[in-house]
Amino acid sequence: MASLITTKAMMSYHHVLSSTRITTLCSDKAIENQQRKAKLQFSHRFFSRRTISAAVINSASPVPEKETVEDERRCHVAWTSVQQEKWEGELTVQGTIPTWLNGTYLRNGPGLWNIGDHDFRHLFDGYSTLVKLEFNDGRIFSGHRLLESDAYKAAKKHKKLCYREFSETPRPARSNFKNPFSGVGEIVKLFSGESLTDNANTGVIRLGDGRVMCLTETQKGSILVDHDTLETIGKFKYDDGLCDHMIHSAHPIVTEREMWTLIPDLVKPGYRVVRMEAGSNKREVVGRVKCRSGSWGPGWVHSFAVTENYVLIPEMPLRYSVRNLLRAEPTPLYKFEWCPNDGAFVHVMSKLTGEIVASVEVPAYVTFHFINAYEEDETGEGKATVIIADCCEHNADTRILDMLRLHTLRSSHGDDVLPDARIGRFRIPLDGSKYGKLETAVEAEKHGRAMDMCSINPLYLGLKYRYVYACGAKRPCNFPNALSKVDIVEKNVKMWHEHGIIPSEPFFVPRPGATHEDDGVVISIVSEENGGSYAILLDGRTFEEIARAKFPYGLPYGLHGCWIPKD
Ligand SMILES: CC(=O)/C=C/C=C(C)/C=C/C1=C(C)CCCC1(C)C
Ligand SMILES: CC(/C=C/C=O)=C\C=C\C=O
Ligand SMILES: [Fe+2]
């Protein structure tokens, strides 16, 4: 039964909502659950912090040392921690869910940015929070839950940061302040991986054998979860000797048959390209590529791309930096450094033989996310002559990394705060040429100069494709406040936007039996200006709303998701 909730408990459920009447449609069970949980929340000391302290990052990038409760109150729910460990309930659907859409959409992301007295400073630091939308014959059962990583459990227990997160390093114990050797100990812990986080807050994947795993940049942050209860099952134990390398790409490429990923080598700068068969825990090294730049560190590989026959290995000028890895206080580039003079490259490896078939220098670039790549036969001789690879590119402007600091996100109100972003298209010739091209695929103004958090029809992975779904921006601001469907062939863009929203990655689910690339739905979870949130379903073709379901509380921003079909 649909009801209007305006109870005291719900009124104060989320402090951003404190002066807002919550009008939401949800089932009686969900309301009951929600009210009970909302009350519980206030006895939960852990989540009831009222002050945000944002430490100064460095002198080149000053931020106020203290933000007040006022800042937190004014800030968008997208950048506000979840108020409780977990919730589940049914959402009331407005509109009609297609009958074929049965399965679970799981989204991962950092959802809790404070622990004890400590407030995190960067979006990527927050503790992993899973959100599920289980579609079942037109109904949506939903929930969220914090991932029980060692980092989160230790933080909860000791009420302080215990592991190195993306931008944060735990303070050395008081007893170590005067110990001249404690620094050496910290270095050992860093390079043995002991102090690194396993807070798997970046993405979640469904392996070909059905196991569901949360991931981040550290290999120890590969954690299996139950997609139904959102319970943490335990660490994914890689059955190979490759864990010594500690880090990997946060975005492996997964199909029903296999998983590909990149393992950067910090000692002899390069990347191992590895493949894991579905059903196995053992990654096999298919090949290794040596970095071409003379810098100490390999380029950061948050993601990469594959075609039918090749793996594309980006070597960005944004490189791991030993100096910055050792610093306790972050720099504007965190653990990285910008080395454009050493060149930017893309390498291409054969999936079959592990041989490098192309290695080209390209213009400098900064990307988190590759969109897709494919082979093109331009001479019509029946063999690929060029590789096309698309990514969300931030105009080689590294400031994007520091712009994702919570203080910046919390205080941005509709201006052009971020560097403009575009779909960057690499053209990599396979004829031995030294250089590749990087061009703008679609005029950036058409998607509001924001472009990130992308998905495609997964059936087009590695193949010539036409549509990109991503967060774009409704001008005049270039903050990703809209969903966009980009037709990279016709070079036009459809946008979906509502005032004051911050949507998370639009995720495309194809309709079984579809013959058109855009025949399916796009799912996103939207954080609202008034402190609420809802799941939205857009028609893949028209990019118009077909259904939405409001959560009885506000959810923060999320990163990446996956689809688990109903068995
Ligand atoms: C959330 C996201 O997209 C990225 C998360 C990145 C993390 C957690 C990076 C962690 C690291 C350390 C703690 C030290 C070593 C380097 C690096 C892998 C960047
Ligand atoms: C949220 C984001 C960039 C947004 C800017 O346009 C990047 C996230 C990267 C990690 O997955
Ligand atoms: Fe990512």
Side-chain angles (χ1 to χ4, degrees), residues 78-79 108-111 120 122-129 149 151 161 163-170 189-191 193-205 214-221 245-252 263-264 266 297-298 300-304 318-322 324-327 330 333-336 366-370 391-395 397 399-405 408-409 412 416-422 444 447-455 470-473 477-482 484 502-505 557-561:
W79 321 119
N108 197 355
F120 289 159
H122 198 280
L123 174 68
F124 295 169
D125 290 330
Y127 290 111
S128 160
T129 307
S149 59
L161 182 74
Y163 288 84
R164 279 173 182 257
E165 296 297 339
F166 175 77
S167 89
E168 305 264 349
T169 308
K189 279 194 208 156
L190 168 62
F191 287 101
E194 191 188 324
S195 59
L196 293 189
T197 189
D198 67 340
N199 170 22
N201 65 1
T202 309
V204 54
I205 56 173
C214 294
L215 289 160
T216 184
E217 308 262 333
T218 60
Q219 291 199 38
K220 67 200 275 203
H245 299 288
M246 296 181 304
I247 53 180
H248 58 183
S249 161
H251 288 275
I263 302 186
L266 298 176
W300 185 22
V301 276
H302 182 71
S303 74
F304 63 102
L318 185 61
R319 296 176 174 279
Y320 283 99
S321 152
V322 76
N324 291 345
L325 275 165
L326 293 176
R327 284 163 85 134
L333 291 181
Y334 301 89
K335 308 290 186 265
F336 310 103
V366 168
T367 183
F368 295 106
H369 299 122
F370 273 82
C391 68
C392 303
E393 208 274 313
H394 295 270
N395 287 303
D397 193 336
R399 281 178 309 147
I400 181 65
L401 205 54
D402 206 28
M403 289 295 179
L404 299 177
R405 219 192 307 149
T408 318
L409 297 169
S412 309
D416 265 352
V417 280
L418 304 179
D420 287 346
R422 60 172 177 162
H447 49 75
R449 303 193 212 153
M451 176 49 53
D452 216 307
M453 310 307 285
C454 50
S455 76
C471 293
C477 89
N478 71 356
F479 189 84
N481 59 4
S484 51
I502 301 186
S504 63
E505 181 178 82
Y557 191 67
L559 294 176
H560 308 288

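Indexing begins at 1, ligand by ligand and atom by atom, following the structure's order.
- Taking OG from Ser149 and CG from Asn201, the interatomic distance works out to 8.5 Å, rounded to the nearest 0.5 Å.
- Looking at His248 and Gln219, their side chains never bring a donor and an acceptor atom within 3.5 Å of each other.
- A ring-centre distance under 6.0 Å is not found for His251 and Phe368.
- Regarding atom 3 (O) of ligand 1, its nearest protein heavy-atom neighbour is His302 CE1, 3.3 Å.
- His369 contributes atom NE2 as its closest N/O/S atom to the Fe ion (ligand 3).
- Going from atom CE of Met453 over to atom SG of Cys392 covers 9.0 Å, rounded to the nearest 0.5 Å.
- Residue His302 places a heavy atom under 4.0 Å from ligand 2.
- Less than 4.0 angstrom separates some heavy atom of Leu559 from each of these atoms of ligand 1: 1 (C).
- The protein non-hydrogen atom at the shortest distance from atom 7 (C) of ligand 1 is Glu217 CG, 3.6 Å.
- Note on Asp402 versus Arg405: salt bridge recorded, some NZ/NE/NH1/NH2 to OD/OE distance being below 4.0 Å.
- Regarding atom 15 (C) of ligand 1, its nearest protein heavy-atom neighbour is Leu325 CD2, 3.5 Å.
- Of all heavy-atom pairs between Ser303 and Phe370, the closest is OG-N, 2.8 Å.
- Seen from the Fe ion (ligand 3), atom NE2 on His302 and atom NE2 on His560 lie at an angle near 160° (rounded to 10 degrees).
- Residue contacts with ligand 2 include Tyr557, since one or more of its heavy atoms lies under 4.0 Å from the ligand.
- Taking every non-hydrogen atom of Thr202 and a distance limit under 4.0 Å, the qualifying atoms of ligand 1 come out as 1 (C), 2 (C), 3 (O), 4 (C).
- Counting only heavy atoms of the protein, atom 18 (C) of ligand 1 lies nearest to Ile247 CG2, 3.5 Å.
- The atoms of ligand 2 that sit less than 4.0 Å from any heavy atom of Phe124 are 8 (C), 9 (C), 10 (C).
- Under a 4.0 Å criterion applied to the non-hydrogen atoms of Phe166, ligand 1 contributes the atoms 6 (C), 7 (C), 9 (C).
- Polar contact with ligand 2: present for His560 (N/O pair, distance under 3.5 Å).
- At least one donor-acceptor pair under 3.5 Å links the side chain of Thr129 to the backbone N or O of Gly111.
- Of the polar atoms of His369, at least one N or O is found under 3.5 Å from an N or O of ligand 2, judged by distance alone.
- Counting only heavy atoms of the protein, atom 14 (C) of ligand 1 lies nearest to Leu196 CD2, 3.5 Å.
- Of all non-hydrogen atoms in Ala421 and His394, the two that sit nearest each other are CB-ND1, 3.8 Å.
- The ligand atoms of ligand 1 that sit less than 4.0 angstrom from a heavy atom of Asn201 are 1 (C).
- Remark: distances from the non-hydrogen atoms of Ala421 to ligand 2 are all 4.0 Å or more.
- Ligand 1 lies nowhere less than 4.0 angstrom from a heavy atom belonging to Leu123.
- For atom 6 (O) of ligand 2, the nearest non-hydrogen atom of the protein is Pro480 CG, 3.6 Å.
- Annotation for ligand 2: atoms under 4.0 Å from non-hydrogen atoms of Ile400 are 5 (C).
- Per-residue contacts place Glu165 under 4.0 angstrom from the following atoms of ligand 1 (heavy atoms of the residue considered): 13 (C).
- Protein heavy atom in closest approach to atom 8 (C) of ligand 1: Thr216 OG1, 3.5 Å.
- Atom CG of Leu325 sits about 8.5 Å away from atom OH of Tyr320, to the nearest 0.5 Å.
- Rounding to the nearest 0.5 Å gives a distance of 10.0 Å between CG of Leu196 and OG1 of Thr216.
- The closest approach between any non-hydrogen atom of Met451 and ligand 2 is not below 4.0 Å.
- Centroid-to-centroid, the aromatic rings of Phe120 and Tyr127 come within less than 6.0 Å.
- Looking only at protein heavy atoms, the nearest one to atom 4 (C) of ligand 2 is Asp452 CB, 4.0 Å.
- Residue His122 holds its NE2 atom at 12.5 Å from CD of Glu165, rounded to the nearest 0.5 Å.
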Item to complete: Check step by step if side chain to side chain donor-acceptor pair (under 3.5 Å) holds for His302 and Glu217.
Response: CA-CA 7 Å; His302 182 71; Glu217 308 262 333; 2.6 Å; yes

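- Atom 11 (C) of ligand 1 is not flagged as protein-proximal [any protein heavy atom, distance under 4.0 Å].
- Atom OG in Ser128 sits 3.5 Å away from atom CG in Asn108 (nearest 0.5 Å).
- Annotation for Phe479 and Leu418: closest pair CD1-CD1, 3.6 Å, computed over non-hydrogen atoms.
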